Protein chains: 2
Amino acid sequence: MISNKSEIFPAEQQLAAAYAKALSHPARIAILRYLAETKVCITGDITDAIPLGRTTVLQHLQVLKDSELIRGDIDGKRVCYCINSERYNEMKQLFDELFENINPINNCC
Amino acid sequence: MISNKSEIFPAEQQLAAAYAKALSHPARIAILRYLAETKVCITGDITDAIPLGRTTVLQHLQVLKDSELIRGDIDGKRVCYCINSERYNEMKQLFDELFENINPINNCC
DNA sequence: TTTTCGTGTCGTATGTTTACGACATATAGA
DNA sequence: TCTATATGTCGTAAACATACGACACGAAAA
């Protein structure tokens, strides 16, 4: 079956949906908050801060990296994760615009 | 296997993730925009406005209804979908708070 | 050199999402 | 009543997400 018609939608809607998807699991929101709090770019010990297995956390980190909301730079033996503020701000703006365009009026039936 | 540990996260993060999930497909963003534009609470002819099969659109509408971002009231033969502005504004505020709490500083490695 | 630590990759089980055809129902009009 | 229209439900195939154990690798410490 086809199972992916996402490409037929406007690029802006695809982007917004992709960012929303990145935020669509509480673990990933928790990771972002953790990264924002411990401003020092802490390594994969994020695992200790998130109540999930190491592999699962790595997987969530990968989803965030794919969305480019975070970066993971190698620093010798350790890996240094941090929020990619450029993309993060791009996302904020996209959502702001979206929320402005969708201005609901309760005029149902 | 377990496959759902979402409940172990703070309620606020679960809610934000749930709303993000509702927005995580371009078709659903397109539906919200369509409902916001045609301020009249248009029926399931949303199908004509979205390039997907009728069943698929219904499914997306169901996801949005489950998230309570939209309502679907029966009006005789037709069904009248519209944005639930209460929930919609709740979501906006939740995201605003989230974005405030996660304030990135580029201090990676 | 051997061990340990921090990482990453692979495989895999289970569950969810996406997409749609086929069928069911209910209301309004011919 | 019969038919068309609007809608909803069911089943199902394919793809994707979630969660994790087991294994691999490389750098630094013992």
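Chain letters run A, B, ... following the sequence lines, proteins first and then strands; every chain starts at 1. All figures in this text were calculated on a predicted structure; none of them were measured in a lab.
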Asker: Of the residues in residues 10-22 of chain B, which ones touch DNA chain C at a heavy-atom distance under 4.0 Å?
Answerer: B/K21

Asker: When you get a sec, tell me which of D/dA19, D/dT7, C/dT7 is the closest nucleotide to the side chain of B/K5?
Answerer: D/dA19

Asker: Quick one: sort the B/H60 and B/H25 rings into parallel, tilted or perpendicular, breaks at 30° and 60°.
Answerer: tilted

Asker: Mind running ring pair (Phe, Tyr, Trp, His ring centres under 6.0 Å) on B/F95 and B/Y19 for me, showing each step along the way?
Answerer: CA-CA 9 Å; B/F95 276 107; B/Y19 280 130; 7.2 Å; no

Asker: Please list, by residue number, the residues of residues 53-69 of chain A whose heavy atoms come closer than 4.0 Å to an atom of DNA chain C; answer none if no residue qualifies.
Answerer: A/R54, A/T55, A/L58

Asker: With a 4.5 Å limit on heavy-atom distance, are the side chains of A/L94 and A/L98 in contact?
Answerer: no

Asker: Test of understanding: clusters of I, L, V, M, F, W, Y form through side-chain heavy atoms closer than 4.5 Å, transitively. Do A/V63 and A/I50 belong to the same one?
Answerer: no

Asker: I want to check one thing: is the phosphate of C/dG6, taken as OP1 and OP2, less than 4.0 Å away from some side-chain N or O of A/Y81?
Answerer: no

Asker: Within the side chain of A/Q14, is there an N or O that forms a donor-acceptor pair under 3.5 Å with the backbone of B/P26?
Answerer: no

Asker: Mind checking what makes salt bridge (charged side-chain N to carboxylate O under 4.0 Å, His left out) contact with B/R54, not counting sequence neighbours?
Answerer: none

Asker: With no hydrogens and no angle check, is any side-chain donor or acceptor of A/R28 less than 3.5 Å from a backbone partner on A/A22?
Answerer: yes

Asker: If you take any heavy atom closer than 4.0 Å to DNA chain D, which residues from residues 23-36 of chain A end up in contact?
Answerer: A/H25, A/R28

Asker: Can you list everything that forms a salt bridge (charged side-chain N to carboxylate O under 4.0 Å, His left out) with B/E12? Sequence neighbours excluded, please.
Answerer: A/R33

Asker: Look only at the side chain of B/Y88 and the backbone of A/I102, and say whether a donor-acceptor pair between them is shorter than 3.5 Å.
Answerer: yes

Asker: Suppose we screen for salt bridge (charged side-chain N to carboxylate O under 4.0 Å, His left out). Which residues come up paired with A/E90, at least two apart in sequence or across chains?
Answerer: A/R87

